[in-house]
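Taking it in order: structure first as structure tokens, then the write-up.
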Amino acid sequence: MSDVSKIMFVMRKAPYGTIYSFEGLETVLIMGAYEQDVSLLFVDDGVYSIKKGTDTTPLGIKNFSPTFRVLEGYDIEKLYIDKESMDSRGLTLDDFVVEPEVLDKEQIAKLMEEQDVLFPF
Amino acid sequence: MSDVSKIMFVMRKAPYGTIYSFEGLETVLIMGAYEQDVSLLFVDDGVYSIKKGTDTTPLGIKNFSPTFRVLEGYDIEKLYIDKESMDSRGLTLDDFVVEPEVLDKEQIAKLMEEQDVLFPF
Amino acid sequence: MKFAVLVQEGPYHHQSSDSAYQFVTAAMDKRHEIIGVFFYHDGVINSSKLADIQADDRNITKRWSEVGEKGVDLVVCIAAAKRRGINDDVLAPGFRISGLGQLTEMAIKSDRLVTFGA
Amino acid sequence: MKFAVLVQEGPYHHQSSDSAYQFVTAAMDKRHEIIGVFFYHDGVINSSKLADIQADDRNITKRWSEVGEKGVDLVVCIAAAKRRGINDDVLAPGFRISGLGQLTEMAIKSDRLVTFGA
Amino acid sequence: MLHLVNKSPFASTSLESCLKFATKGAPILLFEDGIYGAMSGTALEAKIKDVMKDHPVYALKEDLMARGIDVVIDGVKTIDYPGFVELVERHKTCTWS
Amino acid sequence: MLHLVNKSPFASTSLESCLKFATKGAPILLFEDGIYGAMSGTALEAKIKDVMKDHPVYALKEDLMARGIDVVIDGVKTIDYPGFVELVERHKTCTWS
């Protein structure tokens with residue numbers, strides 16, 4: 001194993017309904033400081049985590065979706081999204097607060113196989 | 001409203017993977033003492049709650065499925081099960097620790113409409 | 001009308017407790033009587049005064065305590081509480097620990113019982 | 001091999017913690033090194049010594065403490081713990097509260113990291 | 001009977017179960033992650049339009065806002081928490097979580 | 001990569017997601033409520049048999065026992081926790097919960 005681990009966060013859950021996405025992001029921000037090869041993959045309902053235009057004021061819940069924008073400042077620049085998950089939910093790149101690379105399922109499968117660790121959130 | 005409330009427990013979740021079914025049963029046993037019109041409906045993965053032959057010894061988890069048998073002693077005799085949920089899971093009445101009345105979805109819909117309170121577990 | 005509410009999930013982890021709170025306060029604004037909120041399953045964790053919440057987030061337990069201050073009965077199921085390490089020593093103001101009989105009473109006495117769960 | 005385990009769910013409510021425990025003990029029986037078990041999300045509730053479990057059920061927290069006695073590092077995420085009312089005062093033997101950096105270390109140092117979640 | 005659905009129809013079969021047992025005319029409220037079913041332009045839009053032939057479908061405004069969903073399917077009624085309470089005044093409830 | 005699926009395929013789309021991204025030949029372990037997919041005679045049997053053309057499918061014995069499932073689909077391999085550990089020795093893991 002090389003000195004640098006390939007760590008991928010697989011964001012699969014919708015935000016706000018459950019905490020996985022939010023606490024997952026907290027983990028990503030910490031790991032960003034460890035100089036590993038960190039990437040984020042948005043699949044299934046996880047694609048909603050980076051939806052633009054979220055306003056949680058009426059619910060009093062912390063609006064963390066825009067926080068995904070700070071990832072770049074943490075040297076986490078590898079963001080991927082599953083095309084089919086976007087398409088079936090009627091979402092396009094314009095809908096997101098960040099600009100992940102759009103991959104098909106074969107590309108994602110390959111990328112996952114290359115990882116040392118996968119964290120599902 | 002009459003003096004007696006019609007209360008139906010809608011058992012929808014699989015046992016052991018989550019606690020809903022077990023803690024739901026605990027509620028049923030308590031409510032049985034209140035002389036209300038209590039019934040139990042098994043739908044979706046809830047039908048697995050009354051599967052015969054469960055053995056949780058290797059996991060050390062409490063095996064509560066056989067406890068459904070004591071309901072009769074608590075004067076809870078109205079047990080219903082959704083035919084389609086059974087069929088799609090390859091289960092027949094022989095598979096269960098109790099003998100619920102088999103209903104189709106129209107009959108269940110009607111029964112649900114007649115209830116004062118529905119508790120999902 | 002007489003409303004009762006059942007909360008089945010813990011705070012922050014699921015939105016159920018938030019939704020129940022929003023529903024209860026909206027119902028109180030409409031002058032409905034909330035005869036009780038029953039916390040079951042992981043819902044019992046809503047009652048812990050030990051929760052230490054950051055200033056930029058809502059404080060779910062405190063919000064419920066405020067609802068309790070307005071006279072709403074906040075009942076924590078004893079059986080579920082024991083499994084999750086909730087007891088009288090950690091109970092926030094306004095909550096009380098009691099049995100499933102209380103949920104039965106709410107079911108019988110309310111005009112509407114609404115379940116918030118996951 | 002060096003194994004690490006991530007537990008994402010609370011005890012009793014979901015089976016995740018049970019499964020993680022069975023996996024960890026089976027791996028130890030096979031002489032694998034468990035470099036750590038990290039408790040995140042509601043998983044932090046596994047660490048509460050306040051849990052009061054009936055004699056006919058397994059005691060999940062106590063089982064983990066026994067794993068800890070065998071030298072396994074049981075790390076409870078501080079951010080997640082605060083939200084759920086878990087702090088040093090309620091921590092069962094063998095657990096310690098620390099940051100997400102510990103999970104990062106486990107990810108880097110382990111040969112296998114297995115997540116048990118819901 | 002008012003049916004409450006709080007799970008994403010992309011992740012869970014809760015909405016399916018609800019539809020199986022909801023009598024004709026019974027209203028359905030989508031809230032929490034359930035509101036993703038109300039969004040316009042998804043693979044589920046045709047299905048939800050079908051549902052609306054038999055059921056009034058509501059989506060909770062506060063949850064739509066929190067998730068950044070601006071445009072709901074034609075015919076889905078957006079209501080806020082006071083509207084949710086009014087629905088409960090008129091109907092007993094069944095939760096499909 | 002070993003794929004771990006712990007959700008009932010009747011309630012959740014987790015198994016679907018797993019199948020979408022699992023490369024040919026990658027083993028899949030069904031455990032917890034995931035084992036319901038391994039039961040013989042269900043509406044999903046044909047689908048699982050299809051899956052087995054591309055993937056070895058395992059079901060955790062302790063979870064089958066706890067749920068009273070005696071008969072699994074032909075070709076599904078039943079393993080216990082030591083067997084689970086052996087699979088993890090051979091593969092990195094991905095959890096679909």
Side-chain angles (χ1 to χ4, degrees), chain B residues 10-25 41-69 81-100 104-105 108 120-121, chain F residues 4-16 18 28-51 57-76 78-86 95-97:
Chain B
V10 184
M11 312 297 281
R12 286 192 60 234
K13 307 279 175 91
Y16 307 111
T18 55
I19 205 169
Y20 302 101
S21 174
F22 172 57
E23 291 192 330
L25 176 59
L41 169 67
F42 299 93
V43 296
D44 299 340
D45 280 352
V47 302
Y48 291 128
S49 304
I50 47 173
K51 179 79 181 65
K52 263 184 199 163
T54 51
D55 177 4
T56 57
T57 323
L59 296 178
I61 298 179
K62 210 152 141 173
N63 184 2
F64 66 92
S65 301
T67 310
F68 280 95
R69 283 201 198 106
I81 191 162
D82 172 41
K83 183 168 190 315
E84 196 179 315
S85 300
M86 279 170 62
D87 290 352
S88 61
R89 287 164 183 79
L91 298 170
T92 67
L93 282 182
D94 287 341
D95 288 306
F96 301 125
V97 297
V98 289
E99 191 161 359
D104 64 27
K105 61 183 180 179
I108 290 171
F121 284 112
Chain F
L4 305 174
V5 177
N6 73 338
K7 290 285 166 293
S8 165
F10 295 99
S12 153
T13 57
S14 288
L15 178 60
E16 301 283 340
C18 164
I28 296 170
L29 171 61
L30 305 175
F31 74 119
E32 296 182 10
D33 290 344
I35 60 98
Y36 291 119
M39 186 179 162
S40 174
T42 79
L44 291 172
E45 174 157 352
K47 187 199 174 78
I48 301 293
K49 282 187 166 160
D50 245 22
V51 170
V57 174
Y58 299 86
L60 195 62
K61 187 185 165 200
E62 288 85 345
D63 282 328
L64 289 168
M65 286 174 67
R67 287 154 181 87
I69 309 298
D70 310 311
V71 188
V72 297
I73 298 167
D74 258 356
V76 172
T78 299
I79 57 167
D80 56 11
Y81 268 100
F84 183 177
V85 172
E86 284 161 25
T95 298
W96 300 92
S97 55

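Residue numbering restarts at 1 for every chain, and letters A, B, ... go by the order of the sequence lines.
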I would like to know whether D33(F) and D45(B) meet side-chain contact (heavy atoms from CB on, under 4.5 Å); could you show each step before the answer?
CA-CA 9 Å; D33(F) 290 344; D45(B) 280 352; 5.8 Å; no
Under 4.5 Å from any heavy atom of chain F - which part of I61(B):
neither
Of the backbone (N, CA, C, O) and the side chain (C-beta and beyond), which part of Y81(F) lies under 4.5 Å from a heavy atom of chain B, both, or neither?
side chain
Pair Y16(B) + F22(B): ring centers closer than 6.0 Å
no
Heavy-atom distances under 4.5 Å only: say whether M65(F) touches chain B with side chain, backbone, both or neither.
both
Which one wins on heavy-atom pair count under 4.5 Å against chain B: E62(F), K61(F), R67(F)?
R67(F)
Could you tell me whether Y36(F) and Y48(B) have their ring centroids closer than 6.0 angstrom?
yes
Which one of S88(B), P15(B), G17(B) has the most heavy-atom pairs closer than 4.5 Å to chain F?
S88(B)
Would you mind reporting whether D82(B) and V47(B) have side-chain heavy atoms less than 4.5 Å apart?
no
Do I35(F) and V72(F) have side-chain heavy atoms sitting under 4.5 Å apart?
no
Show your reasoning for whether side-chain contact (heavy atoms from CB on, under 4.5 Å) applies to K51(B) and D95(B).
CA-CA 6 Å; K51(B) 179 79 181 65; D95(B) 288 306; 4.1 Å; yes
If you count heavy-atom pairs within less than 4.5 Å of chain F, which of T56(B), D55(B), T18(B), D87(B) leads?
D55(B)
I need the residue from M39(F), K7(F), E32(F) with the largest number of non-hydrogen atom pairs under 4.5 Å to chain B.
M39(F)
